[in-house]
Amino acid sequence: MTKQEDTLLLVDGNSVAFRAFFALQNVGSFTNHDGLHTNAIYVFKKILDNILKKYSPTNVLVAFDAGKTTFRTKKYSDYKAGRAKTPGELSEQFPYLKKMLAAYGIKDYELADYEADDIIGTLSRQGQAEGYRVVVVTGDRDLTQLTTDKTTVAVTQKGFSEVEEYTPDHVKEKYGLEPKQIIDMKGLAGDNSDNYPGVTKVGEKTAIKLLKQYTSVEGIYEHIDEMKQSKMKEHLIEDKETALLCKDLATIKTDAPLTIKLIDTKRQEMNETDLHSLYEELDFKSFLKDLTGEDPDEQKAFDKLAVTMLTQKNLDKVPAKIKEPVVFYLEMDGKNYHNAPFVGFVFKIADQYYGARDVELLKQAPLKQILTDPAIKLDVFDCKRTFVGLNRLGITMTNVDFDLLLVSYLLNNTENSDDLGELASLHGFDQVKTDEQFYGKGAKREIPAEDDQLFAHLSHKVFAIATLKEPLFTELKNNQQQNLYDEMELPLAQVLAKMEIAGISVDTERLEQMKSEFKERLSELKQDIYNEAGEEFNINSPKQLGHILFEKLELPVIKKTKTGYSTAVSVLEKLRGMSPIVDNILTYRQISKLQSTYIEGLLKVVFKEDQKVHTRYTQTLTATGRLSSVDPNLQNIPVRLEEGRKIRQAFVPSRAGWQIFSADYSQIELRVLAHIAGDEHMQEAFKEDRDIHANTAMQIFGLDSEDEVTPNIRRQAKAVNFGIVYGISDYGLSQNIGITRKQAKQFIDTYFEKFPGVKKYMDEIVEHAREEGYVETIFHRRRYLPDIKNKNYNIRSFAERTAMNSPIQGSAADIIKVAMINMDKKLAEKKMQAKMLLQVHDELIFEVPDEELTDFEELVKSVMDSAVDLNVPLKVECAHGKTWFSAK
DNA sequence: TGTCTCACG
DNA sequence: ACGTACGTGAGACAA
């Protein structure tokens with residue numbers, strides 16, 4: 001007989017393993033000493049431990065799919081067709097997963113012709129009939145159809161430390177449907193991943209609406225005659241068969257012919273010896289440590305960290321003499337830390353936690369001393385954000401030692417989250433909620449009013465920073481990336497913070513003036529276009545524009561997109577001359593882009609207080625090591641076309657008698673390539689300061705003197721040079737310069753003959769990526785390339801091109817970062833007033849007082865030239881003027 | 001929210 | 001026979 005509290009836990013093994021695999025797919029080194037991938041086993045265990053702890057089940061079963069063919073594929077041969085084959089990196093983990101379950105004392109089961117779902121469906125009904133509380137764990141929402149009063153379906157979440165529990169009430173709340181109507185919904189809407197179609201043009205939303213009215217698929221067809229005429233009705237009638245079939249496919253069996261009994265699912269004793277040897281085989285060091293007995297109170301202590309709430313009156317509780325590093329976390333409500341409201345802060349000093357909502361306390365002793373004392377090491381998450389935030393309070397943070405965000409970006413820039421909880425769990429510490437989980441998102445986002453709640457979250461973040469410091473620092477050392485962190489990224493964060501705080505002044509009057517000019521021109525163009533089209537339509541809508549051009553005006557279709565006709569510039573260029581409307585559309589596009597993105601967009605983000613824009617550089621986002629810029633993006637201000645370039649007239653110095661000064665690296669990526677590839681011919685060209693594109697032209701066209709290089713030949717050679725840097729393909733090159741693929745191939749072959757060092761580099765770097773799983777820059781910045789062994793040609797080729805390009809683009813990014821740090825240092829040493837304002841990948845923008853101009857130019861050239869010692873010289877070109885426009 | 005288009009290096 | 005240049009951010013549209 002079952003007791004009241006007996007719980008039967010049913011786990012969808014395949015689904016959870018898949019989720020587990022993809023949750024940590026891109027983490028570089030998740031293999032054991034034999035090269036076996038272990039990420040899915042690792043995450044599966046984490047999930048399993050969480051749910052075992054949460055539900056304390058007496059009975060557990062993990063169900064697996066038996067094979068590709070099931071009774072469903074017999075009914076519908078395309079069922080799950082087209083689904084990508086399980087990656088080898090995952091399938092090799094299943095035997096070990098099963099070994100681990102056995103050691104846990106947990107039964108696994110599969111049944112020929114049936115899916116794991118059906119096993120779970122059947123056992124859940126048997127279980128609830130015998131009085132068990134049933135919990136189903138899966139990553140697949142389809143299973144919520146099994147939900148009843150006695151059966152809860154727990155769906156794993158992205159962060160995998162949490163599950164979303166579906167009870168009948170929750171299903172109703174989420175979908176507005178009864179659990180068993182989920183089947184009807186699937187029947188109508190179909191399922192992409194299982195590859196059955198449902199009714200044409202009916203998605204989840206429409207399905208739900210229909211089911212609310214008619215209850216079931218059958219119900220809809222009983223009342224189909226009452227529905228008023230519509231496209232949807234036609235589709236419903238046409239696809240009736242399909243709808244019924246899909247419903248059948250979506251229905252999970254509750255009467256599969258199982259050869260297993262409930263009693264077999266009773267959970268057995270854990271076999272620690274087996275687990276121990278398994279973990280050793282898999283190199284699961286932290287799990288081994290858990291096995292050998294860590295302090296069981298640790299978890300409890302974490303759940304409820306005691307935080308001393310600080311006020312004006314008890315600041316003396318904070319110790320004055322501090323030896324160990326201090327962990328500090330400053331929370332703000334919103335992404336833009338230049339003006340986001342403060343939420344609160346937490347310190348961890350020795351083993352004590354101190355916190356408050358009132359950030360004004362930070363200005364007082366002893367807190368301010370802790371943050372500004374150069375002798376006290378600080379550990380934080382995102383030091384740039386923290387630095388700017390504290391600067392708003394008049395506090396200059398010094399001496400950051402560990403920045404969890406920066407370090408984890410250097411260790412792995414594939415998973416480029418900026419959420420502390422998410423990153424911590426990537427590094428095996430999965431106890432901290434993500435901000436989205438804790439605060440909610442969108443309209444539901446809310447800062448808890450209860451101190452207990454808020455400071456639990458903040459202190460958990462602080463705890464994670466403290467916990468991860470040593471292991472992550474060790475990993476950095478093992479990767480030889482300690483220098484990259486200490487000498488480059490960490491100091492750079494502070495330099496960037498200063499640039500962001502400085503901001504750049506905007507002449508809003510100039511922008512307003514351009515705005516009204518553009519407005520005028522746009523309305524004229526619009527009229528012309530409407531006249532030529534013979535009707536009014538939305539020119540900004542690719543769909544409506546496509547209709548006018550290709551249907552009404554019957555212009556030839558050059559290219560299609562997923563959703564219809566392409567109307568991109570490359571297409572319109574080809575249609576030029578066929579109709580006067582095309583030129584007008586091109587001009588309209590150009591002006592309206594300038595108007596909305598640059599004029600209006602920029603005006604929206606100018607700070608009223610100082611008439612400046614304060615961008616934020618994302619230091620931990622790109623896969624190559626470049627920065628990016630947001631709010632506004634100041635790295636893509638127009639320059640190529642005169643019309644757009646004028647936007648730059650609105651970027652001005654912040655003081656009279658100053659100038660905007662720009663300094664950019666000439667051909668830095670090709671110089672980097674010449675250096676790392678060690679190609680003599682290319683190095684020679686740079687050493688002699690030749691025109692590099694003309695030089696390439698002479699080589700590939702077999703010319704004897706630079707005089708023979710026509711502008712057109714040079715243009716083609718330039719494209720070849722770019723192609724080389726990007727990881728060339730004949731097709732890509734042919735598209736770019738409008739030649740045949742055969743000609744493009746000829747160019748590339750000749751190029752590689754003339755520059756054998758480059759060819760050798762390309763081959764070797766791809767080989768390196770295959771062997772090691774990553775490529776790196778001259779400063780040891782890594783990029784992992786798991787796709788380099790992918791069986792899909794396209795995916796693999798992409799990874800190969802990335803392998804060729806990343807060390808080049810990344811090393812160039814490293815070099816300018818070094819230059820920025822050195823420049824910042826020199827300006828301070830020389831007590832110059834000039835300020836660094838912007839970075840645009842290979843270019844630095846400053847504002848400089850007139851009287852410093854001469855000295856400054858000499859300084860910036862020497863600093864940028866000498867940022868790194870390559871086998872070829874670096875070249876810097878400078879310009880200055882009254883606005884960014886004239887600094888050219 | 002995803003797609004398309006287009007601005008930059 | 002595949003179907004592609006590398007790296008970004010933002011606005012508008014259409015669900």
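From a predicted model like this one, the values you see are computed outputs, not experimental measurements. Per chain, numbering begins at 1; letters A, B, ... match sequence-line order.
Between Ser541(A) and dA14(C) there is a side-chain polar atom (N or O) within less than 4.0 angstrom of OP1 or OP2. Under 4.0 angstrom from either OP1 or OP2 of dT8(C) there lies no side-chain N or O belonging to Ser629(A). Between Thr563(A) and the phosphate of dC4(B), there is a side-chain N or O to OP1/OP2 separation shorter than 4.0 Å. OP1 or OP2 of dC8(B) has at least one side-chain nitrogen or oxygen of Arg640(A) nearer than 4.0 Å. Phosphate contact (OP1/OP2 of dG7(C), side-chain N/O of Arg626(A), threshold under 4.0 Å): absent. Between Thr802(A) and dC6(C), a side-chain N or O to OP1/OP2 separation shorter than 4.0 Å is absent. Proximity of Gln735(A) to the phosphate of dG3(C): no side-chain N or O atom is located under 4.0 Å from OP1 or OP2. The side chain of Asn794(A) contributes no N or O atom lying less than 4.0 Å from OP1 or OP2 of dT4(C).
Between the Gln619(A) side chain and the Glu489(A) main chain, a donor and an acceptor come within less than 3.5 Å of each other. The backbone N or O of Thr414(A) sits nowhere less than 3.5 Å from a side-chain atom of Tyr409(A) that would complete a donor-acceptor pair.
Nearest nucleotide to the side chain of Tyr726(A), out of dT1(B), dG9(C), dA5(C): dA5(C). Here the nucleotide nearest the side chain of Tyr793(A), chosen from dC2(C), dG11(C), dT5(B), is dC2(C). Closest approach to the Lys543(A) side chain among dC6(C), dC6(B), dA15(C) is made by dA15(C) (side chain taken as heavy atoms from C-beta onward). When distances run from any side-chain atom of Asn538(A) to the nucleotides dT8(C), dG9(B), dC13(C), the shortest one goes to dC13(C). Of the candidate nucleotides dA5(C), dT4(C), dG9(B), dT4(C) has the atom nearest to the side chain of Arg741(A). Among the nucleotides dC6(B), dA12(C), dC6(C), the one closest to any side-chain atom of Lys593(A) is dC6(B).
Within 4.0 Å of Ala813(A), counting heavy atoms only, lies no atom of the nucleic acid at all. When heavy atoms are screened at a 4.0 angstrom cut-off, Leu733(A) is found touching base atoms of the nucleic acid. Counting non-hydrogen atoms under 4.0 angstrom, Ile808(A) reaches nothing in the nucleic acid. No contact: Ala799(A) has no heavy atom under 4.0 Å from any strand. Contacts of Gly727(A) with the nucleic acid, taken as non-hydrogen atoms under 4.0 Å apart, are absent. Residue-level contact check: Asn633(A) touches the backbone only, with heavy atoms under 4.0 Å from sugar-phosphate atoms and none from bases.
Cation-pi check for Arg616(A) over Tyr337(A) is met; the charged atom lies under 6.0 angstrom from the ring centroid and within 45 degrees of its normal. For the pair Lys718(A) and Phe722(A), the cation does not sit on the ring face, since its NZ or CZ is not both under 6.0 Å from the ring centre and inside 45° of the axis.
Rounded to the nearest 0.5 Å, atoms CG (Leu525(A)) and CG (Asn584(A)) are 5.5 Å apart.
Rounded to the nearest Å, the gap between the P atom of dA5(C) and that of dC6(B) is 15 Å. Rounded to whole Å, the separation between the P atoms of dC2(C) and dA7(B) comes to 33 Å.
No hydrogens or angles were tested; on distance alone, a donor-acceptor pair under 3.5 Å links the side chain of Gln809(A) to the base of dC6(C). Below the 3.5 angstrom threshold, one finds no donor paired with an acceptor across the side chain of Arg589(A) and the base of dT5(B). Judged by distance alone, with hydrogens and angles left aside, Asn636(A) brings a side-chain donor or acceptor within reach of the base of dA7(B), the pair sitting under 3.5 Å. Contact of Ser729(A) with dT4(C) (side chain to base): a donor-acceptor pair of N or O atoms is detected under 3.5 Å. On a pure distance criterion of 3.5 Å, no polar donor-acceptor pair joins the side chain of Arg783(A) and the base of dG7(C).
Remark: ring of Phe798(A) not stacked against base of dT4(C); the cut-offs of centroid gap under 5.5 Å and plane tilt under 30° are not jointly satisfied.
A side-chain hydrogen bond (donor to acceptor under 3.5 Å, both in side chains) with Arg781(A) holds for exactly one of Asn413(A), Asp814(A), Thr624(A); it is Asp814(A).
The distance between atom OH of Tyr598(A) and atom P of dG9(C), rounded to the nearest whole Å, is 13 Å. Between Arg616(A) atom CZ and dT8(C) atom P there is a gap of 17 Å when expressed in whole angstrom units. Computed from coordinates, the Leu602(A) CG to dC8(B) P distance equals 14 Å when rounded to whole Å. dA5(C) atom C1' lies 16 Å from atom CZ of Phe747(A), rounded to whole Å. Put simply, CG on Leu838(A) is 15 Å from C1' on dG9(C), counting in whole angstrom units. To the nearest angstrom, P of dC8(B) lies 11 Å from CD1 of Ile647(A). Between the CG atom of Asn792(A) and the P atom of dA1(C) there is a distance of 17 Å, given to the nearest Å. Taking atom CG of residue Leu522(A) and atom P of nucleotide dA12(C), one finds them 12 Å apart after rounding to whole Å.
Comparing Val725(A) and Asn540(A), the nucleotide of DNA chain C nearest to each residue sits closer to the 5' end for Val725(A).
Under the 4.0 Å criterion applied to side-chain N and carboxylate O atoms, Lys760(A) and Glu764(A) are assigned as salt-bridge partners.
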Check: ring-ring contact (aromatic ring centres under 6.0 Å, His included) between Tyr774(A) and His768(A): does it pass, once the steps are laid out?
Finding: CA-CA 7 Å; Tyr774(A) 66 88; His768(A) 179 278; 5.6 Å; yes
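Searching all strands for a Watson-Crick or G-U wobble partner of dA1(C) with both distances below 3.5 Å returns nothing.
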